[in-house]
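The first residue of the sequence shown is numbered 1, and numbering continues consecutively from there.
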Amino acid sequence: MLAINIIFAGFVLTLNGFSLIEKAKIDQKVKGAINLTVGVLIAVNAILQTIIAGGMVDSPYQMMHFGFAAAMWLFSVNYLILGFHVFLKAESYKAFGLFSAFASIVSFIFAVEAVIAGGWLFIVLWFMWAVLWLQSFLTMTLEIKWAGKLSAAILIINGVISTFLPGMLMVLGVL
């Protein structure tokens, strides 16, 4: 489930990045619909992953599955909030920015936990996601201009490197 979720997350991150590039001319309603759709799909899988992890009492893999569920919840809520902002034609994206601050803190904590556990791939992924969400907080809530200029690139890079590629490698059995 994680692999499929992050493949979809990769698509949406990349789409959201391209939507910030003026020449790309991404329709905002379509962007909102895609964010909501992927948010719902990932939420369903997050519920299933949480149930699986909860049933793994005394298993050494329980915390790993809760970590996967946490990633799914962060991405799901992220896309749902962003999709609703688009559909409601929100004048401000500060609520999304505040969620991004929360997601960034959680991601940094999981990155540190991955350092302790020794999983280099998860260190990189959680750190990239933490930077992604920190940038959204700085741009949308604090309205820091230099962070906004990096938004498209950070979204596209994360969409490809931290989600789509790992997801495809998981599906192919390489990871």
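Counting heavy-atom neighbours within 6.0 Å of F127 CZ, excluding the residue itself, gives a total of 12 or less. In this structure, F84 places its CZ atom where only 12 or fewer heavy-atom neighbours from other residues, nucleotides or ligands lie under 6.0 Å away.
Remark: F164 engages no residue in a ring pair (Phe, Tyr, Trp, His ring centres under 6.0 Å) (not counting sequence neighbours). In this view, F96 satisfies the ring pair (Phe, Tyr, Trp, His ring centres under 6.0 Å) rule with no residue, not counting sequence neighbours. K94 meets the salt bridge (charged side-chain N to carboxylate O under 4.0 Å, His left out) test with E143; sequence neighbours excluded. Considering only residues two or more places apart in sequence or on other chains, S104 meets the side-chain hydrogen bond (donor to acceptor under 3.5 Å, both in side chains) condition with none of them. T14 meets the side-chain hydrogen bond (donor to acceptor under 3.5 Å, both in side chains) test with no other residue; sequence neighbours excluded.
Identified under the salt bridge (Lys or Arg N to Asp or Glu O under 4.0 Å) test for residues 122-140, with sequence neighbours left out: none. Counting only residues at least two apart or on different chains, the side chain to side chain donor-acceptor pair (under 3.5 Å) pairs with a member in residues 40-54 are N5-N45, Q49-H65, T50-W73. For residues 5-51, there are no ring-ring contact (aromatic ring centres under 6.0 Å, His included) pairs, not counting sequence neighbours. The side chain to side chain donor-acceptor pair (under 3.5 Å) contacts involving residues 118-142 comprise N78-W133, W129-S162, Q135-T139, Q135-S151, where partners must be two or more places apart or lie in separate chains. Sorted pairs that involve residues 18-27 and meet salt bridge (Lys or Arg N to Asp or Glu O under 4.0 Å), not counting sequence neighbours, are lacking altogether.
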Exercise answer: donor-acceptor pairs, residues 33-40 side-chain atoms, under 3.5 Å, sequence neighbours excluded:
{"unit_1": "N35", "atom_1": "OD1", "unit_2": "N16", "atom_2": "ND2", "d": "3.1"}
{"unit_1": "N35", "atom_1": "ND2", "unit_2": "N16", "atom_2": "OD1", "d": "3.0"}
{"unit_1": "N35", "atom_1": "ND2", "unit_2": "K31", "atom_2": "O", "d": "2.8"}
{"unit_1": "T37", "atom_1": "OG1", "unit_2": "A33", "atom_2": "O", "d": "2.8"}

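Distance CG/L13 to CD1/I161: 12.0 Å, rounded to 0.5 Å.
Between L155 and L132, some side-chain heavy-atom pair lies under the 4.5 Å cut-off.
With side-chain heavy atoms closer than 4.5 Å counting as contact, directly or through intermediates, the hydrophobic cluster containing I105 also holds I109.
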